[in-house]
Amino acid sequence: MSNLLSRHRAVMPSWVSLYYDEPIEIVSGKGCRVTDSDGRSYLDFFAGILTNMLGYDVPEVREAVERQLRTGVVHTSTLYLVRSQVELAERIAELSGIANAKVFFTNSGTEATETALLLATNARRSDQVLALRNSYHGRSYGAMAVTGNRSWKNSSLSPVNVHYLHGTDRARFPHLSDGEFLAFCVDDLQHVLDTATATDVACLIAEPVQGVGGFTAAPDGLLARYREILDRYGILLVSDEVQTGWGRTGEHFWGIQAHGVTPDIMTFAKGLGNGFAIGGVVTGGALMDALPANGISTFGGNPIATAAAKATLDYLLAHDLQSHAHRVGRMLIDGLRTAAEGLPVVGDVRGKGLMFAVDLIAPDSGAPSPSLAGRVLDESKRRGLLIGRGGLRGHTLRMAPPLTLSEDEARDGLGILVDSLAAVC
């Protein structure tokens, strides 16, 4: 492994980070478990950053991909009809809840963000965008511009004019009740529109649960309250469902449904392909068709990716994995909260469904502790559990197992996670 690591460092950018002091190479997987090149097995609670939504080596997905491979056609481009692309778009349009919806496929969530920004700024003839603090929407020029997390912003230059809102930073205002915080955020939006923007703001883009931000979320209902104000100005609402879509939050199929509102545009990616690269945008036909120039996606919605995505979506719906995520996620979050009562390094436990997080703090001061989070990451790996990390200050452990995680696997993972937290106390 040391040889592969040195080769990696020689040819890969230094800013492409690796987990652990001794990074692992994952060489095989089955269900919710993976094996590294040393033959060590791990229970995977991060799923390729929420991407292996059904886990590994799922027969239904593998067989759908193999059927397409046997045709000899792995790519044609959007210049030709692609049956699986059309069929997948029909399903997503129906599931979106958006009237007269159309779908455009991309290769990633970053590309989906770029498309959403293009649609919104064209429709409104404005470069002004509202976003939430602590957000993450991708690594490209435009997506990075609307990202509200300094750790992921490489440039102050921007193709759009962005103003950031409060909404997911509830912990910064402990003196406010939940109702007072909601009112404060609504007032903040109105104040930004009254003072900081010109007319014709294009859109507000928001993650219902912030991924890289450490699974922080706006209070349920806030985006609906925002929508009341946005509608008065004609401002579009974009829901970034790259991490929250497909039932992962358990309560709803789309994360924004917790707010009781339907957005104008939704972006999606990650879990839909169960590891195959796919993303996209769904919005009303009039808005989608309004772009004045030609458009194409060479690889977006290709036959292999859409075959995998169709099989993934069929499996997800047939097995009601949304309800499963709600039930198993509740067990995990409740278990962590109970354990946290005796663990002074735990500052907060939060989440929805199979998307949950733990903040690590210094017991003496209560300050965020990235170093403790790093230690728990390593302790979990040593015990056979893979988890993620994030948050504004790098002190948050992120867990998002495959939606197929069994209750027994959930208990095993919970036990390892609690033991790892206890080990650093």
Side-chain angles (χ1 to χ4, degrees), residues 49-51 53 92 95-98 109-110 112-113 116-117 120 129-138 143 146-149 164-171 178 181-182 185-186 189 203-230 235-272 279-283 316 321-322 325-326 329-330 333 350-357 390-392 396 398-400 403:
I49 317 179
L50 292 85
T51 299
M53 185 164 65
I92 293 172
L95 289 165
S96 73
I98 297 173
T110 291
T113 295
L117 292 174
V129 174
L130 303 171
L132 294 179
R133 300 181 184 202
N134 198 39
S135 58
Y136 177 83
H137 297 286
V146 295
T147 288
N149 187 318
Y164 293 98
L165 306 175
H166 294 286
T168 62
D169 48 359
R170 176 74 179 88
D178 290 344
F181 179 69
L182 201 70
C185 293
V186 172
L189 168 59
C203 66
L204 164 62
I205 183 168
E207 302 161 275
V209 179
Q210 294 179 330
V212 169
F215 294 171
T216 49
D220 287 354
L222 179 58
L223 294 181
R225 294 284 300 278
Y226 279 164
R227 184 62 185 263
E228 294 173 4
I229 296 175
L230 300 178
I235 301 169
L236 302 174
L237 177 59
V238 181
S239 184
D240 181 337
E241 299 279 352
V242 169
Q243 297 198 28
T244 51
W246 322 114
R248 176 164 287 282
T249 65
E251 299 173 345
H252 303 94
F253 195 74
W254 305 106
I256 197 170
Q257 290 174 320
H259 295 266
V261 65
T262 300
D264 297 289
I265 303 172
M266 283 197 296
T267 61
F268 58 85
K270 287 196 181 287
L272 176 61
V281 173
V282 55
T283 187
L316 173 87
L321 294 187
Q322 177 185 323
H326 180 71
R330 184 78 271 150
I333 294 168
R350 60 182 171 275
K352 291 184 176 184
L354 287 175
M355 189 176 188
F356 53 98
L392 184 62
T396 303
R398 293 194 290 158
M399 281 69 68
L403 302 189

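This structure is a prediction, so every number in the text was calculated from the model and none was measured.
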Next on the checklist: As a quick check of understanding, evaluate side chain to side chain contact (heavy atoms under 4.5 Å, CB included) for Leu130 and Ile205, giving each step before the final call.
Outcome noted: CA-CA 6 Å; Leu130 303 171; Ile205 183 168; over 6 Å; no

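- Taking CE of Met355 as the start and OG1 of Thr244 as the end, the distance is 6.0 Å to the nearest 0.5 Å.
- Scored by the side chain to side chain contact (heavy atoms under 4.5 Å, CB included) test, Ala269 finds Val242 as partners (sequence neighbours excluded).
- Atom CD1 of Ile229 has more than 12 neighbouring heavy atoms from other residues, nucleotides or ligands inside a 6.0 Å radius.
- Taken to the nearest 0.5 Å, the CG atom of Asp240 stands 11.0 Å off from the CE atom of Met266.
- For the pair Leu50 and Met53, the minimum side-chain heavy-atom distance is 4.5 Å or more.
- In summary, the aromatic rings of Trp246 and Phe268 are positioned with their centroids under 6.0 Å apart.
- In this structure, Ile49 and Lys270 have side chains that are in contact, with non-hydrogen atoms separated by less than 4.5 Å.
- Note that CZ of Arg248 and CH2 of Trp254 are 13.5 Å apart. Values are rounded to the nearest 0.5 Å.
- We find the CG-OG1 distance between Leu236 and Thr283 to be 7.5 Å, quoted to the nearest 0.5 Å.
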Name each donor-acceptor pair under 3.5 Å that joins a side chain in residues 211-219 to protein atoms two or more places apart or in another chain, with its distance.
| from | atom 1 | to | atom 2 | distance (Å) |
| --- | --- | --- | --- | --- |
| Thr216 | OG1 | Asn134 | ND2 | 3.3 |
| Thr216 | OG1 | Gln210 | OE1 | 2.8 |

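- Qualifying side chain to side chain contact (heavy atoms under 4.5 Å, CB included) partners for Thr110, counting only residues two or more places apart in sequence or in other chains: Ser108, Arg139, Ser140, Ala143.
- Two residues are said to be in side-chain contact when any heavy atoms from C-beta on lie closer than 4.5 Å; His166 and Arg133 meet this criterion.
- Between Val281 and the choices Val238, Leu117, Ile265, Thr113, the side chain to side chain contact (heavy atoms under 4.5 Å, CB included) rule is met once, by Ile265.
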Next on the checklist: Between Leu204 and Leu165, does the side chain to side chain contact (heavy atoms under 4.5 Å, CB included) criterion hold? Intermediate values first, please.
Outcome noted: CA-CA 10 Å; Leu204 164 62; Leu165 306 175; 4.0 Å; yes

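- Side-chain atoms of Arg225 do not come within 3.5 Å of backbone N or O of Val186 as any donor-acceptor pair.
- Taking OG of Ser135 as the start and CG of Asn149 as the end, the distance is 7.5 Å to the nearest 0.5 Å.
- Residue pairs satisfying the side-chain hydrogen bond (donor to acceptor under 3.5 Å, both in side chains) criterion with at least one member in residues 255-266, sequence neighbours excluded, are listed as follows: Arg227-Asp264.
- Looking at Glu207, its side chain does come within 3.5 Å of a backbone N or O of Tyr136 through a donor-acceptor pair.
- Using modelled atom types, no side-chain atom of Gln243 and backbone atom of Val209 make a donor-acceptor pair closer than 3.5 Å.
- Applying the salt bridge (Lys or Arg N to Asp or Glu O under 4.0 Å) rule to Arg350 yields the partners Asp348, Asp359; only residues at least two apart in sequence or on another chain are considered.
- By the side chain to side chain contact (heavy atoms under 4.5 Å, CB included) test, Glu251 is found to be paired with Asp220, Ala258, His326, Lys352, residues two or more places apart in sequence or in another chain being considered.
- Atom OH of Tyr164 is separated from atom CG of Asp169 by 14.0 Å, given to the nearest 0.5 angstrom.
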